[in-house]
Engineer: 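This is the structure I have questions about; it appears just below.
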Amino acid sequence: MRKQIKLALSAVCAGALIAGIGVGVAFAEYSALRFEDMPPQDADGAPVSLAETTVASADLSVPEDVGIAISGPFDVQRSLVADDSVPVGTVRIAAHASAFVDEIVIDGPYIPIEENYEGQFDDVDEQQDAGQTAYISIHPVLTDRGPFAYKDQILEGLKRGVVYQVPDLTEGFDVEVRLNPADLERVA
């Protein structure tokens, strides 16, 4: 019985020693890594300057009897500007994104059709006054690269001891919305 206890105790000590060596090696490797921002590349892998940006603009016509709701990523810098040069009923959008974004998509305006369910509206006039809203969506897109867009670049960096911080698509993404001052109160 004593021999079995000595054998089990030596196995536990050997396991603790090997685990300690593994933790030490892992800590040394982690300490040697450098953290850097990922340099942008286009879809073909050619370097792109950070000064380059993706730009999209649109003039959208919105009916005068509906509200306006503008949506997009939550952490976007969005500015709403009153501009007398914009005609009433028009929304002028200018969006800028970093070089990591391939395209900016501006969709809308969409006005959902409200169906008259039993008991929801008593007459047609109430249905028209139910507070319809025109929805405009603005969002950045990676078109051709898909979810593993930066896989090769990240693996190449790890071989060189560099951990890249992959940027968010909304980093550097800002939207300027220009409206006639008469339309400002309609924006939700």
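What you are looking at is a predicted structure, and each value in this text was computed from that prediction instead of being measured.
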Engineer: Rounded at 0.5 Å granularity, tell me how far CD in Glu176 sits from OG in Ser57.
Structural biologist: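 Atom-to-atom, Glu176:CD and Ser57:OG are 11.0 Å apart.
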Engineer: Begin from the C-alpha positions of Val25 and Val23 and carry the test side-chain contact (heavy atoms from CB on, under 4.5 Å) through to its verdict.
Structural biologist: CA-CA 6 Å; Val25 169; Val23 168; over 6 Å; no
Engineer: Ser71 and Arg78: which non-hydrogen atoms are nearest, and at how many Å?
Structural biologist: C-NH2, 4.4 Å
Engineer: Nearest 0.5 Å, what's the CG-CZ distance between Leu155 and Arg160?
Structural biologist: 11.5 Å
Engineer: Minimum heavy-atom separation for Val66 to Val62, with atom names?
Structural biologist: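 It is CG2-CG1, 3.8 Å.
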Engineer: Within this structure, what is the OG-CG distance for the pair Ser85 and Asn180, rounded to the nearest 0.5 Å?
Structural biologist: 8.5 Å
Engineer: Provide the closest heavy-atom pair for Leu80 versus Val187 in the form atom of the first, atom of the second, distance.
Structural biologist: CD2-CG1, 4.0 Å
Engineer: Quick check on Glu29: does its CD atom have over 12 non-hydrogen neighbours (other residues, nucleotides or ligands) under 6.0 Å away?
Structural biologist: no
Engineer: Just do the side-chain contact (heavy atoms from CB on, under 4.5 Å) check on Val88 and Asp183 with the steps written out, would you?
Structural biologist: CA-CA 7 Å; Val88 174; Asp183 290 332; 3.7 Å; yes
Engineer: Can you name the closest pair of heavy atoms from Asp84 and Pro181 and give their distance?
Structural biologist: OD1-CG, 3.1 Å
Engineer: For Ile154 and Tyr164, work out which heavy atoms get closest and say how close.
Structural biologist: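 In terms of heavy atoms, the two residues are closest at CA-CD1, 4.3 Å.
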Engineer: Can you see which heavy atom on Arg186 is nearest to which on Glu64, and at what distance?
Structural biologist: NH1-CA, 3.3 Å
Engineer: Is the count of non-hydrogen atoms from other residues, nucleotides or ligands lying under 6.0 Å from Phe27 atom CZ greater than 12?
Structural biologist: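 Incorrect, the count does not exceed 12.
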Engineer: In terms of hydrophobic clustering (I, L, V, M, F, W, Y; side-chain heavy atoms under 4.5 Å; direct or indirect links), are Tyr110 and Ile70 co-clustered?
Structural biologist: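 No, no single cluster joins them.
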Engineer: Rounded to the nearest 0.5 Å, how far apart are CE of Met38 and CD of Gln153?
Structural biologist: 4.5 Å
Engineer: Quick one: CD1 on Ile138 to CD1 on Ile136, what's the gap to the nearest 0.5 Å?
Structural biologist: 7.0 Å
Engineer: If hydrophobic clusters are built by linking Ile, Leu, Val, Met, Phe, Trp and Tyr wherever their side-chain heavy atoms come under 4.5 Å apart, do Leu158 and Tyr30 end up in the same one?
Structural biologist: yes
Engineer: Using side-chain contact (heavy atoms from CB on, under 4.5 Å) as the criterion, point out the one residue from Leu60, Ile104, Leu179 that pairs with Ile93.
Structural biologist: Leu60
Engineer: With side-chain contact (heavy atoms from CB on, under 4.5 Å) as the test, would you mind laying out the steps for Phe35 and Gln165 before giving the verdict?
Structural biologist: CA-CA 7 Å; Phe35 292 87; Gln165 297 173 3; 3.9 Å; yes
Engineer: Say you draw a straight line from CD1 of Ile68 to OH of Tyr135; how long is it, rounded to the nearest 0.5 Å?
Structural biologist: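 That separation rounds to 12.5 Å.
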